[in-house]
**Q** 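To start, I am sharing the structure in question, which I have written as structure tokens.
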Amino acid sequence: MSIKITFPDGSVKEYPQGTTLANIASAISPSLRKKSVAGVVNDELVDLNRPIESDATIRLVTTDDKEAWEVLNHSTAHLLAHAVKRLYPHALFWVGPVVEEGFYYDIDLGADSLSEEDLVDIEKMMNQIVKENIIIERVELTKEEALAQFKGDPYKVDLIENFEEGTKISAYRQGDFIDLCRGPHLESTGQIKAFKLLKVAGAYFKGDANNKMLQRVYGISFFKKEDLDKHLLMLEEAKKRDHRKLGKELGLFMISEYGPGFPFWLPNGMILRRELEQFWYDKHMQEGYQLIQTPIMLNRQLWEVSGHWENYRENMYTSEIDEMEFAIKPMNCPGGMLVYKHTLHSYKDFPLRIGELGLVHRHEASGALTGLFRVRNFTQDDAHIFCREDQVIDEVTNLIRLFDYFYSVFNLSYHIELSTRPEKYIGTIEVWDKAEKALAEACKRGGKEFKVNEGDGAFYGPKLDFKLRDSLGRIWQCGTIQLDMKLPERFDLTYIDADGERKRPVMLHRAIYGSIERFIGILIEHYAGAFPLWIAPRQVDVIPVNPELHSAYAEKVNEILMSNKIRSHVDLRDEKVGYKIRESQVKKVPYSIVLGDKEQEENLVTFRHYGDTKQVTVPLDEFISMLKAEIQNKGK
RNA sequence: GCCGACUUAGCUCAAUCGGUAGAGCAACUGACUUGUAAUCAGUAGGUUACGGGUUCAAUUCCUGUAGUCGGCACCA
């Protein structure tokens, strides 16, 4: 019997029934066979040695493919488990999936725990198993057989019990180690060549904090040693961009032991902040926003009305004033509600856009705090928009354009997630569906792709989240657009419609930077501390060649620059030019200018741009207009 | 909050087996008078995160607390 195999290019060839991808690859060429790791048979990713019993469309997966990398990492996860089992015979294993950054395995070691040092021994054992070049074979079991095979292992039994009766359960065996797995896998442990265990951490069983904590070992694997080295080097490079490191080196911010999670802004960081705020104010004025500032602290009763006292209490700081309980605001909206209610509103004023750079405080878990990314007080670039229901799509479309504008100024790439109705929600399903559709429609109109994040909406409404990455690849939410179906009701907000009736407005919460702190953290890493001119804390370093001869001219140039609102500093210290240039470069100042006899005589400056060794001499006036233009167009 | 690691001068890091802390940079002083990534010399700088314990002796071992880092959970 022969079967017809269709290849990706559409060609069809006959092979004996029961052939394997390995055979097919060999028949084409030995080098293809060597590069092949797995294959896709009728859209299913399978092992190379899985027999093909009937006509099929196939594609070979080679080491160049993303899927092959995943297979490799999956097999490396098994290798890790195998090694751990040898070193810790009592170890029990939960799951070991492939993730973006490699793989991990969750392990129960009973009373034992792993430290980074232990990873070295585990790696050694893994290399030993690689050397033994053990064949990896697929085993198919019925549910009963699987239960018998893994009897005594509560974790595997837990997994097996979740399979439907009658399904084929696969496991993979390498020597004396066997693990449940969908596969596919490499053909033998010897094919794993370049891997590294990266970190060990605790992780709750099934991701639930009420459960036992397992030990999670992270690692990554590549087909080539050089790819692994490249990856490790990249991780090292990424650490140099870490905003916590750069924040210290560049004098941007600090966090004291006396206030964990409460950042202090240092003079240089303050300049970043003020530039971002000014930019934000200017743009929002243009966009027809009105600005307010609401109090940091308000009476408990307000938080009861808003529902925060009930739903957000454990994250709120409280205090007492004149025997009354007050809470420090964790969000700006309730204050905004009071402002709305302060006057009567007409549909003619809609959409009513009210913005606030509001400082909020939240009691975040101690273990969650991370530099500027996760803090206990931060400034949200908040705005609340009140409108009629029929204005929502237009307004959200408008917001998406505005968000895109802000991010594009910084060349930041982002992705959007639409978070939909969670299990705990208020309102009716119809209204939710309508609201979710409105947000999706606005994305479509704005020409933006989005990912649906099922069930992750706030209890009061669905939202669009704008997510950015830090230098280590971690994803942080910055911008957000949230439809609120609760607060207008709780605060009994109304407006007078065209028919003279009082009606309930729809409210949107939105923040573009999200938190100024987090956004600056992202910017520091994005630019690796070398900020574009318009936000650079110091824009120009003025360096006289000989302090005795050129100080007067240097000071004059510095003053002229400063009077042109350019952040300039003159370095009159008794040091060589090279020393001062180095320092200027280390501090990532955009322009270093050197002034000597020639410049002094003809009113010139010789500048070099950060990261560039080229020297350019121009008249002072020209230099100033060049800088002003660069500041004006924000480096675009 | 949970698991693990870490905390030494302003910064980056040393200190053998438990024997009482050292370097570079920065700072300060002086000399040098400088043309594009570190001039030379000197001075000062420490309750080794904080508390308790073991010991003749603790940066080192044990322990409690705080903070930081990596994850998890949380958050968004």
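On a predicted model such as this, the values are computed, not experimentally measured, just so you know. In what follows, chains are A, B, ... by sequence order, proteins preceding strands, each numbered from 1.
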**Q** For B:U39, what is the paired nucleotide under Watson-Crick or G-U wobble rules, both distances under 3.5 Å?
**A**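 In the structure as shown, B:U39 has B:A31 as its Watson-Crick or wobble partner.
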**Q** In whole angstrom, give me the gap between the P atoms of B:A14 and B:C6.
**A**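 It works out to 13 Å between them.
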**Q** Rounded to whole angstrom units, what separation is found between the CG atom of A:Asp574 and the P atom of B:A38?
**A**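 Those two atoms, CG and P, are 17 Å apart.
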**Q** With a non-hydrogen cut-off below 4.0 angstrom, is A:Gly207 in contact with a base, only sugar-phosphate, or nothing?
**A**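 Since only primed, P, OP1 and OP2 atoms lie under 4.0 Å of A:Gly207, the category is sugar-phosphate.
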**Q** Confirm from the modelled atom types if A:Glu599 and B:G35 form a donor-acceptor pair under 3.5 Å, side chain to base only.
**A**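 When only heavy-atom distances are counted, A:Glu599 does reach the base of B:G35 through a donor-acceptor pair under 3.5 Å.
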**Q** Describe the nucleic acid contact of A:Asn315 in one word from base, sugar-phosphate, nothing, applying a heavy-atom distance below 4.0 Å.
**A**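 Counting heavy atoms under 4.0 Å across all strands, no contact is made by A:Asn315.
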**Q** Which heavy atom in A:Gly611 sits nearest to a heavy atom in A:Gln585, and how many Å separate them?
**A**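 Shortest heavy-atom separation between A:Gly611 and A:Gln585 comes out as N-OE1, 3.2 Å.
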**Q** Classify the nucleic acid contact of A:Lys576 as base, sugar-phosphate or nothing, counting any heavy atom under 4.0 Å across all strands shown.
**A**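 Touches a base.
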**Q** Could you check how far CD of A:Glu249 sits from P of B:C25, rounded to whole Å?
**A**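 These atoms are roughly 17 Å apart.
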**Q** Should A:Asn315 and A:Glu364 be marked as a side chain to side chain donor-acceptor pair (under 3.5 Å) after you check the CA-CA gap, both sets of side-chain angles, and the distance that decides it?
**A** CA-CA 6 Å; A:Asn315 283 299; A:Glu364 302 290 354; 6.0 Å; no
**Q** In whole Å, what separates the P atom of B:A5 from that of B:U63?
**A**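 Those two atoms are separated by 11 Å.
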**Q** Ignoring hydrogens and geometry beyond distance, is the side chain of A:Arg362 in donor-acceptor contact with the base of B:C74 at under 3.5 Å?
**A**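 Checked by distance alone, the answer is no.
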**Q** Which whole-number value in Å describes the distance from A:Asn211 CG to B:C3 C1'?
**A**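 Spelled out: CG on A:Asn211 to C1' on B:C3 is 14 Å.
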**Q** To the side chain of A:Met213, which of B:C2, B:A73, B:U36 is closest?
**A**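 Taking heavy atoms from C-beta onward, the closest nucleotide is B:C2.
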**Q** Applying a 4.0 Å non-hydrogen cut-off, can you work out what A:Gly578 is touching in the nucleic acid: base, sugar-phosphate, or nothing?
**A**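 Contact class for A:Gly578: sugar-phosphate only.
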**Q** Please state how far atom CZ in A:Arg216 lies from atom P in B:G71, giving the value in whole angstrom units.
**A**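 My rounded result for the distance is 11 Å.
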**Q** From the set B:G35, B:C75, B:G71, return the single nucleotide nearest to any side-chain atom of A:Val594.
**A**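 Nearest to the side-chain atoms of A:Val594, counting from C-beta on, is B:G35.
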**Q** What's A:Gln615 touching, base or sugar-phosphate or nothing? Going by heavy atoms closer than 4.0 Å.
**A**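 Base, at least one base heavy atom under 4.0 Å.
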**Q** Assess A:Arg518 against A:Phe373: is NZ or CZ under 6.0 Å from the centre of the six-membered ring, and within 45 degrees of the ring's axis?
**A**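 No - A:Arg518 does not lie over the ring of A:Phe373 by the 6.0 Å and 45° rule.
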**Q** Please measure how far the P atom in B:A31 lies from the corresponding atom in B:C69, and state the result in whole Å.
**A**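 Taking atom P in both B:A31 and B:C69, they lie 45 Å apart.
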**Q** What is the distance from CG of A:Asp106 to C1' of B:C2, rounded to the nearest Å?
**A**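 Atom-to-atom, A:Asp106 to B:C2, this comes out as 14 Å.
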**Q** Start at the 5' end of RNA chain B and walk down; is the nucleotide closest to A:Leu549 or to A:Lys248 reached first?
**A**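 Upstream on the strand: A:Lys248.
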**Q** Once you apply a heavy-atom cut-off of 4.0 Å, does A:Leu369 come out as touching a base, just sugar-phosphate, or nothing?
**A**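 Contact class for A:Leu369: sugar-phosphate only.
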**Q** What orientation do A:Tyr317 and A:His361 show, parallel under 30°, tilted 30 to 60°, or perpendicular over 60°?
**A**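 The arrangement is perpendicular - the two ring planes meet at more than 60°.
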**Q** Which nucleotide wins on minimum distance to the side chain of A:Thr606, given the candidates B:G67, B:U36, B:C75?
**A**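 Taking heavy atoms from C-beta onward, the closest nucleotide is B:U36.
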**Q** According to a strict under-4.0 Å criterion, is A:Arg474 in side-chain N/O contact with OP1 or OP2 of B:G70?
**A**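 Checking B:G70 against A:Arg474, a side-chain N or O does come within under 4.0 Å of OP1 or OP2.
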**Q** Considering every strand shown, what is the Watson-Crick or G-U wobble mate of B:U60 when both distances are under 3.5 Å?
**A**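 Partner of B:U60: none found under 3.5 Å.
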**Q** Name the nucleic acid region contacted by A:Asp456, choosing base, sugar-phosphate or nothing; use a 4.0 angstrom heavy-atom cut-off, strictly under.
**A**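 The answer is base, as A:Asp456 lies within the cut-off (heavy atoms under 4.0 Å) of a base atom.
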**Q** Counting Watson-Crick and G-U wobble pairs only, both distances under 3.5 Å, name the nucleotide matched with B:G46, or none.
**A**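 With both distances under 3.5 Å required, B:G46 matches none.
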**Q** Rounded to whole angstrom units, what separation is found between the NZ atom of A:Lys245 and the C1' atom of B:C13?
**A**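 Going from NZ in A:Lys245 over to C1' in B:C13 covers 12 Å.
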**Q** For the C1' atoms, the ones on B:U55 and on B:U60, what distance do you get once it is rounded to whole angstrom?
**A**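 To the nearest whole Å, 13 Å.
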**Q** When rounded to the nearest Å, what value does the distance between P atoms of B:A27 and B:G70 take?
**A**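 Each nucleotide's P atom is 30 Å from the other's.
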**Q** Quick one: label A:Pro547 by what it contacts on the DNA or RNA (base, sugar-phosphate, nothing), any heavy atom closer than 4.0 Å.
**A**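 Result for A:Pro547 = base.
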**Q** Find the distance A:Tyr104:OH to B:A73:P and express it as a whole number of Å.
**A**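 Those two atoms, OH and P, are 8 Å apart.
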**Q** Please name the nucleotide paired to B:G70 by Watson-Crick or G-U wobble geometry with both distances under 3.5 Å, or report none.
**A**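 Base partner found: B:C3.
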**Q** What interatomic distance, in whole Å, is found between C1' of B:C17 and the corresponding atom of B:A57?
**A**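 To the nearest whole Å, 14 Å.
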**Q** Quick one: is A:Lys580 getting a side-chain N or O under 4.0 Å of the B:U34 phosphate, OP1 or OP2?
**A**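 Answer no for this pair, as no side-chain N or O of A:Lys580 is under 4.0 Å from OP1 or OP2.
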**Q** How do A:Ala209 and A:Val545 order along RNA chain B: which one's closest nucleotide is nearer the 5' end?
**A**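 So the residue in question is A:Val545.
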**Q** Across all strands, who's sitting opposite B:G22 as a Watson-Crick or G-U wobble pair, both distances under 3.5 Å?
**A**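 Paired with B:C13.
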**Q** Please find the pair of heavy atoms, one from A:Pro537 and one from A:Leu252, that lie closest to each other, and give the distance.
**A**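 Scanning both residues completely, I find the closest heavy atoms to be CG-CD2, 4.1 Å.
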**Q** Figure out the CZ/P separation between A:Arg582 and B:U36, and round it to whole Å.
**A**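 My rounded result for the distance is 16 Å.
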**Q** Could you please name the option among B:A37, B:U34, B:C72 that lies closest to any side-chain atom of A:Gln585?
**A**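 Output: B:A37.
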**Q** Only one of A:Tyr88, A:Tyr104, A:Tyr105 clears ring-ring contact (aromatic ring centres under 6.0 Å, His included) with A:Phe93; which?
**A**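 Only one of A:Tyr88, A:Tyr104, A:Tyr105 forms a ring-ring contact (aromatic ring centres under 6.0 Å, His included) with A:Phe93, namely A:Tyr105.
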**Q** To the side chain of A:Arg374, which of B:G4, B:A73, B:C75 is closest?
**A**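 Taking heavy atoms from C-beta onward, the closest nucleotide is B:C75.
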**Q** Output, in order, the C-alpha distance, side-chain angles, deciding distance and verdict of side chain to side chain contact (heavy atoms under 4.5 Å, CB included) for A:Leu439 and A:Val396.
**A** CA-CA 7 Å; A:Leu439 292 180; A:Val396 175; 4.0 Å; yes
**Q** Look at the side-chain N and O atoms of A:Tyr579 and state whether any lies under 4.0 Å from the OP1 or OP2 oxygen of B:A26.
**A**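 Yes, A:Tyr579 has a side-chain N/O under 4.0 Å of OP1/OP2 on B:A26.
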**Q** Return no unless some side-chain N or O of A:Arg244 is found under 4.0 Å from OP1 or OP2 of B:G70.
**A**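 A:Arg244 to B:G70 OP1/OP2: side-chain N or O found under 4.0 Å.
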**Q** What pair of heavy atoms forms the shortest contact from A:Arg474 to A:Trp476, and how long is it?
**A**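 A:Arg474 and A:Trp476 have their closest heavy atoms at O-CD1, 3.5 Å.
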**Q** Given B:U33, B:C74, B:A38, identify the nucleotide with an atom nearest to the side chain of A:Asn546.
**A**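 Nearest nucleotide to the side chain: B:U33.
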**Q** For the C1' atoms, the ones on B:U54 and on B:A66, what distance do you get once it is rounded to whole angstrom?
**A**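 One C1' to the other, the span is 23 Å.
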**Q** What distance, rounded to whole Å, do you find between the two P atoms, one in B:A15 and one in B:A9?
**A**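 Taking atom P in both B:A15 and B:A9, they lie 15 Å apart.
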**Q** Going by the angle between their ring planes, with limits at 30° and 60°, are A:His609 and A:Tyr591 parallel, tilted or perpendicular?
**A**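 A:His609 and A:Tyr591: perpendicular rings.
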**Q** Does a side-chain N or O from A:Arg608 land closer than 4.0 Å to OP1 or OP2 of B:A37, or not?
**A**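 Looking at the OP1 and OP2 atoms of B:A37, one of them is under 4.0 Å from a side-chain N or O of A:Arg608.
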**Q** Please work out if A:Tyr312 contacts a base, only the sugar-phosphate, or nothing of the nucleic acid, heavy-atom cut-off 4.0 Å.
**A**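 The answer is sugar-phosphate, as A:Tyr312 gets under 4.0 Å only of primed atoms, P, OP1 or OP2.
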**Q** So what does A:Ala203 touch, heavy atoms closer than 4.0 Å: a base, only the sugar-phosphate, or nothing?
**A**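 Answer is sugar-phosphate: A:Ala203 comes under 4.0 Å of backbone atoms only.
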